[in-house]
Enquirer: 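Below are the structure tokens for one structure; questions will follow.
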Amino acid sequence: MAEEERLVKQVSPKSEDFSKWYLEIIRKTEMADYAPMKGMMVIRPYGYAVWESIQRLLDRRLKAAGHVNAYFPLFIPESFLQKEMAHVEGFAPEVAWVTQGGREELEERLAVRPTSEAIIGSMFAKWIKSYRDLPVLINQWANIVRWEKVTRPFLRTTEFLWQEGHTAHATEEEARKETLDILNIYREFIETELAIPTVAGRKTDWDKFAGALQTYSLEALMSDGKALQMGTSHHLGQNFSNVFGIRFEDQNQALQHVWQTSWGVSTRLIGAVVMVHGDDSGLRFPPAVAPVQVVIIPISMGDWKNTVLPVARRIKEDLLGAGIRVTLDDREEFTPGWKFSDWEMRGVPLRLEVGPRDVKEGKAVAVKRDERRKASIPMDSLPETVNRLLDEIQAGLLRQARAFLADNTRVTDDYEEFKRLVESRRGFLLSPWCGARECEEKVKQETAAGIRILPLDEDPMPEGRCLACGRKSVSRAVFARAY
RNA sequence: CGGGGAGUGGCGCAGCCUGGUCAGCGCGCCUGCCUUGGGAGCAGGAGGUCGUCGGUUCAAAUCCGACCUCCCCGACCA
């Protein structure tokens with residue numbers, strides 16, 4: 001973007017240094033700030049509002065699918081965590097421990113939950129006795145702690161907020177269906193509300209959740225061409241029900257272990273919204289999750305307080321009445337031009353300018369954040385018009401994100417071309433793969449792009465030869481550099 | 001966790017090599033006037049134990065050590 005077109009000059013251009021842009025934008029828009037402890041951040045009101053929207057919109061969907069919310073303890077006794085070997089080994093490097101309570105050393109140390117399969121499994125064992133108790137469909141909104149070595153606001157922090165679903169079923173088939181149903185709920189939610197298209201797939205065995213039979217995930221492409229995992233859903237099989245003794249008596253009076261699933265999305269989604277939709281001028285929020293959907297800026301000229309301001313206030317009331325998240329920026333210490341730039345940086349989808357001319361004509365100037373084009377709209381029937389414009393913006397952002405994903409997803413079975421593509425444009429690369437871990441390792445070593453997922457949708461290259469070794473491929477894989 | 005870089009008013013930085021009127025600049029902030037349709041102007045003003053702790057020295061933002069935090073690259077990562 002040419003310098004004179006960069007109306008918001010407070011932020012580094014995204015195209016120049018993506019990482020710097022990301023960190024800068026998050027702090028300048030007051031979404032989050034660093035806390036004094038390594039890897040921890042404060043989610044400020046402007047960022048937390050996005051999380052609240054995510055919670056509201058996803059919670060609605062989970063409940064519609066029969067799930068209910070509950071809350072389990074933050075601490076997990078070490079012995080509980082250790083019951084499932086793959087689980088404890090998978091999480092060992094990143095568990096924080098409590099060893100002291102008050103002045104006394106604890107007899108058994110307590111893990112600060114890195115995830116809640118263990119504690120919830122132990123409770124399921126108490127609650128489930130009969131097939132009539134099934135299925136159990138529980139969700140929890142909670143904070144968790146993972147002692148990560150490399151952290152980044154929203155994308156990976158030591159403590160973060162998420163939603164974790166835990167279900168128990170009578171049959172494997174039911175659990176498998178639940179795992180995939182949830183993946184679809186996530187995909188629809190992320191696409192509809194966050195305006196981010198994703199690719200669904202299965203994780204490789206060495207990349208799956210510690211303690212799961214299979215892990216599925218959704219991958220999205222950030223605008224710097226790197227992949228980000230947006231959510232995961234695990235088919236846990238009977239691994240946890242075996243060790244925690246979660247048994248029920250079936251219709252034939254036989255004792256059986258339940259089949260379980262677990263799944264989650266986190267505050268990382270907020271980082272994805274920033275990285276997918278943001279531009280050189282700052283954030284661009286999809287209206288569905290925007291902290292502020294509409295900002296009204298009165299043009300302060302002449303006798304504006306008596307002429308313009310009352311009209312601006314009435315517009316605000318009208319929009320509030322229509323359930324729109326609206327702010328009236330009537331601060332006197334800033335010029336209109338300054339406010340335009342400021343709210344653009346903050347990603348507000350729609351701006352309404354109201355000046356003396358507009359008041360006279362019974363109109364307002366509407367400017368969509370995604371296109372930044374001005375249009376005069378009549379003041380009567382504003383709520384309807386605004387809602388329509390917000391819908392257009394929501395759809396426009398999704399359209400752009402889809403186009404970007406399509407442009408940056410390429411199919412190749414030629415390793416040399418693969419290397420060139422990864423180097424020049426990154427993105428998703430769909431390539432045939434033989435199933436061997438060594439082959440992924442080789443590709444990852446040489447290109448920094450690993451296998452994100454094995455996509456669930458149809459394989460356009462079923463008869464391929466492995467990218468790395470040339471043997472017959474078992475599947476196509478989505479390769480990408482990732483966060 | 002390994003390699004590299006950085007920490008100086010709210011933000012962005014200069015000063016450090018060569019210790020001593022170096023506590024400095026831009027933006028922001030406060031007061032007043034004047035302005036306001038794309039980050040206005042003028043005048044005046046406030047604000048910093050130079051990341052923390054320790055050491056060297058007559059004297060430390062500056063030299064040395066440890067620690068904390070951030071950034072980049074790599075390893076690791078439901």
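Just so it is clear, the values below take in all heavy atoms, side chains as well, and ignore hydrogens, waters and symmetry mates. Sequence lines set the chain letters: A, B, ... in the order given, protein chains first and strands last, and positions in each chain run from 1.
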Enquirer: Carefully, step by step, assess A/Lys374 and A/Glu353 under the rule salt bridge (charged side-chain N to carboxylate O under 4.0 Å, His left out).
Expert: CA-CA 10 Å; A/Lys374 299 196 178 193; A/Glu353 304 174 9; 3.4 Å; yes
Enquirer: According to side-chain hydrogen bond (donor to acceptor under 3.5 Å, both in side chains), who are the partners of A/Glu438, at least two apart in sequence or on a separate chain?
Expert: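 Result, side-chain hydrogen bond (donor to acceptor under 3.5 Å, both in side chains) vs A/Glu438: none returned.
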Enquirer: Do the two ring centres, one from A/Phe479 and one from A/Phe418, sit under 6.0 Å apart?
Expert: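 Between A/Phe479 and A/Phe418, the centre distance is under 6.0 Å.
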Enquirer: Between B/rC71 and B/rC11, how far apart are the two P atoms, rounded to whole Å?
Expert: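 My reading of the P atoms in B/rC71 and B/rC11 gives 15 Å.
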Enquirer: From CZ of A/Arg372 over to P of B/rG37, roughly how many Å is that when rounded to an integer?
Expert: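 Between P of B/rG37 and CZ of A/Arg372: 17 Å.
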Enquirer: Please write out the pairs of protein N or O atoms and N or O atoms of nucleotides 40-45 of chain B separated by less than 3.5 Å, giving the distance to one decimal.
Expert:
from	atom 1	to	atom 2	distance (Å)
B/rA40	OP2	A/Thr335	OG1	3.0

Enquirer: Tell me: CD of A/Glu219 to C1' of B/rC77, nearest whole Å?
Expert: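 Atom CD in A/Glu219 sits about 13 Å away from atom C1' in B/rC77.
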Enquirer: Quantified in whole Å, what is the C1' atom distance between nucleotide B/rC1 and nucleotide B/rC76?
Expert: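 Rounded to whole Å, the distance is 8 Å.
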Enquirer: Return the value, rounded to whole Å, for the distance between atom CH2 of A/Trp206 and atom P of B/rC76.
Expert: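 Taking CH2 of A/Trp206 and P of B/rC76, I get 14 Å after rounding.
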Enquirer: Whole Å only: how far is the CD atom of A/Glu441 from the C1' atom of B/rC77?
Expert: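 Whole-Å distance recorded here is 13 Å.
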Enquirer: Please report the shortest heavy-atom distance between A/Pro77 and A/Ile119, naming the atom on each side.
Expert: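 Minimum heavy-atom contact is CD-CD1, 4.5 Å.
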Enquirer: Using whole Å, what does the distance between atom P of nucleotide B/rG39 and atom CZ of A/Phe334 come to?
Expert: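 Distance check: A/Phe334 CZ to B/rG39 P gives 15 Å.
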Enquirer: Under 4.0 Å, heavy atoms only, any strand: does A/Gly39 hit a base, just the sugar-phosphate, or nothing?
Expert: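 It contacts sugar-phosphate atoms only.
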Enquirer: Assign A/Lys203 to base, sugar-phosphate, or nothing according to its heavy-atom contacts below 4.0 angstrom with the strands shown.
Expert: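 Result for A/Lys203 = nothing.
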Enquirer: A/Val150 side chain: which of B/rG74, B/rG38, B/rC77 is closest?
Expert: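 For A/Val150, the side-chain atoms sit closest to B/rG74.
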Enquirer: Strictly by Watson-Crick or wobble contacts shorter than 3.5 Å, is anything paired with B/rG41, and which nucleotide is it?
Expert: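 Pairing partner, where one exists within any strand: B/rC33.
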Enquirer: For RNA chain B, what residues of residues 157-169 of chain A have any heavy atom nearer than 4.0 Å?
Expert: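 Correct list: A/Phe160, A/Trp162.
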Enquirer: Which residue, A/Asp207 or A/Val365, contacts RNA chain B at a nucleotide closer to its 5' end, judged by nearest heavy atom?
Expert: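 On the 5' side of the pair lies A/Val365.
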Enquirer: Below 4.0 angstrom from OP1 or OP2 of B/rC71, is there any side-chain N or O of A/Tyr34?
Expert: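 For B/rC71, OP1 or OP2 has a side-chain N or O of A/Tyr34 closer than 4.0 Å.
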Enquirer: Quick one: side chain to side chain contact (heavy atoms under 4.5 Å, CB included) partners of A/Ile43, sequence neighbours excluded?
Expert: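 Here the qualifying residues are A/Met41, A/Tyr48, A/Phe154, A/Leu161, A/Thr267.
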Enquirer: Going by the side chain to side chain donor-acceptor pair (under 3.5 Å) test, name the single residue among A/Glu172, A/Glu173, A/Glu178, A/Glu174 that passes it with A/Arg176.
Expert: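 Passing option: A/Glu172.
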Enquirer: Is it the case that more than 12 heavy atoms not belonging to A/Lys419 sit under 6.0 Å from its NZ atom?
Expert: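 More than 12 within 6.0 Å, yes.
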Enquirer: Has the side chain of A/Lys374 got a donor or acceptor that lies under 3.5 Å from a partner of the other kind on the base of B/rG37?
Expert: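 Looking at the base of B/rG37, it does not pair with any donor or acceptor on the side chain of A/Lys374 (distance under 3.5 Å).
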Enquirer: Is the distance from the ring center of A/His87 to that of A/Phe240 below 6.0 Å?
Expert: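 Between A/His87 and A/Phe240, the centre distance is under 6.0 Å.
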Enquirer: Let's test your reading of the model: under 3.5 Å, does the base of B/rC77 pair with the side chain of A/Arg156 as donor and acceptor?
Expert: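 Yes, a donor-acceptor pair under 3.5 Å.
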Enquirer: Looking at B/rC1, which nucleotide sits across from it as a Watson-Crick or G-U wobble partner, both distances under 3.5 angstrom, or is there none?
Expert: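 Pair assignment: B/rC1 / B/rG74.
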Enquirer: In whole Å, what separates the P atom of B/rU18 from that of B/rG65?
Expert: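 Here B/rU18 and B/rG65 have their P atoms 15 Å from each other.
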Enquirer: Taking the nucleotide of RNA chain B with the closest heavy atom to each, which residue, A/Val354 or A/Pro153, is nearer the 5' end?
Expert: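 Going by which nucleotide is closer to the 5' end, it is A/Val354.
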Enquirer: In whole angstrom, give the distance that lies between atom CG of A/Asp205 and atom P of B/rA78.
Expert: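 Those two atoms, CG and P, are 13 Å apart.
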Enquirer: Write down the distance separating the C1' atoms in B/rC50 and B/rG24, rounded off to the nearest Å.
Expert: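 One C1' to the other, the span is 12 Å.
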Enquirer: Tell whether A/Arg27 reaches the base of B/rG10 with its side chain through a donor-acceptor pair below 3.5 angstrom.
Expert: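 In this structure, the two groups form no donor-acceptor pair.
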Enquirer: Would you confirm whether the ring centroid of A/His235 sits within less than 6.0 angstrom of the ring centroid of A/Tyr216?
Expert: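 Centroid distance A/Tyr216-A/His235: not below 6.0 Å, so no.
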Enquirer: Which listed nucleotide (B/rA78, B/rC1, B/rG37) is nearest to the side chain of A/Gln229?
Expert: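 Looking only at side-chain atoms, A/Gln229 lies closest to B/rA78.
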Enquirer: Can you confirm whether A/Trp141 sits close enough to A/Asp59 that some side-chain heavy atom of one is under 4.5 Å from a side-chain heavy atom of the other?
Expert: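 Sidechains of A/Asp59 and A/Trp141: in contact.
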Enquirer: Which part of the nucleic acid, if any, lies within reach of A/Gly355 when heavy atoms closer than 4.0 Å are counted: base, sugar-phosphate only, or nothing?
Expert: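 Base contact.
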Enquirer: How far does the P atom of B/rG12 sit from the matching atom of B/rG28, given to the nearest Å?
Expert: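 Their P atoms lie roughly 15 Å apart.
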Enquirer: Base, sugar-phosphate or nothing for A/Arg331? Non-hydrogen atoms, less than 4.0 Å.
Expert: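 Nothing, no heavy atom under 4.0 Å.
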Enquirer: Would you jot down, in residue-number order, the residues of residues 293-302 of chain A having a non-hydrogen atom under 4.0 Å from RNA chain B?
Expert: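 RNA chain B contact set from residues 293-302 of chain A: A/Ile299, A/Ser300, A/Met301.
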Enquirer: Would you say the side-chain atoms of A/Ser223 and A/Lys14 include a donor-acceptor pair closer than 3.5 Å?
Expert: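 Per modelled atom types, A/Ser223 and A/Lys14 side chains form a pair under 3.5 Å.
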Enquirer: Count the heavy atoms of every other residue, nucleotide or ligand shown that sit under 6.0 Å from NZ of A/Lys363, and state whether that count exceeds 12.
Expert: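 Counting neighbours around NZ of A/Lys363, 12 or fewer heavy atoms of other residues, nucleotides or ligands fall under 6.0 Å, so no.
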Enquirer: Please report, to 0.1 Å, the donor-acceptor pairs under 3.5 Å made by any side chain of residues 295-306 of chain A, with sequence neighbours excluded.
Expert:
from	atom 1	to	atom 2	distance (Å)
A/Asp303	OD1	A/Asn306	ND2	3.0
A/Lys305	NZ	A/Glu332	OE1	3.1
A/Lys305	NZ	A/Glu332	OE2	3.2

Enquirer: Suppose we define a pair by two distances each less than 3.5 Å, Watson-Crick or G-U wobble; what does B/rC25 pair with here?
Expert: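 Its partner is B/rG12.
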Enquirer: Check every strand shown and say whether A/His234 touches a base, only sugar-phosphate, or nothing at a heavy-atom separation below 4.0 Å.
Expert: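 Sugar-phosphate: the residue A/His234, judged by heavy atoms under 4.0 Å, touches backbone atoms but no base.
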Enquirer: The side chain of A/Arg351 is closest to which nucleotide in this list: B/rG38, B/rC70, B/rC77?
Expert: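 Among the listed nucleotides, the one closest to the side chain of A/Arg351 is B/rG38.
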Enquirer: With a non-hydrogen cut-off below 4.0 angstrom, is A/Pro356 in contact with a base, only sugar-phosphate, or nothing?
Expert: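 Base contact.
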Enquirer: Would the number of heavy atoms belonging to other residues, nucleotides or ligands and lying under 6.0 Å from CH2 of A/Trp338 be above 12?
Expert: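 Yes - once you tally the heavy atoms of other residues, nucleotides and ligands closer than 6.0 Å, there are more than 12.
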Enquirer: For B/rG51 versus B/rA6, give the span between their C1' atoms, rounded off to a whole number of Å.
Expert: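 It works out to 11 Å between them.
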Enquirer: Which nucleotide, if any, forms a Watson-Crick or G-U wobble pair with B/rC63, using both distances under 3.5 Å?
Expert: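 Pairing partner: B/rG55.
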Enquirer: B/rC30 and B/rG15: how far apart are their C1' atoms, nearest whole angstrom?
Expert: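 It comes out at 28 Å once rounded to the nearest Å.
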Enquirer: Determine, step by step, whether A/Phe334 and A/Asp342 satisfy the side-chain contact (heavy atoms from CB on, under 4.5 Å) criterion, reporting the C-alpha distance in whole Å, the side-chain angles of both residues, the deciding distance to 0.1 Å, and the verdict.
Expert: CA-CA 10 Å; A/Phe334 296 109; A/Asp342 191 52; over 6 Å; no
Enquirer: Using Watson-Crick or G-U wobble geometry with both distances under 3.5 Å, which nucleotide pairs with B/rA6?
Expert: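 B/rA6 is paired, partner B/rU69.
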Enquirer: For nucleotides B/rU21 and B/rG74, find the distance between their C1' atoms and express it as a whole number of Å.
Expert: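 It works out to 47 Å between them.
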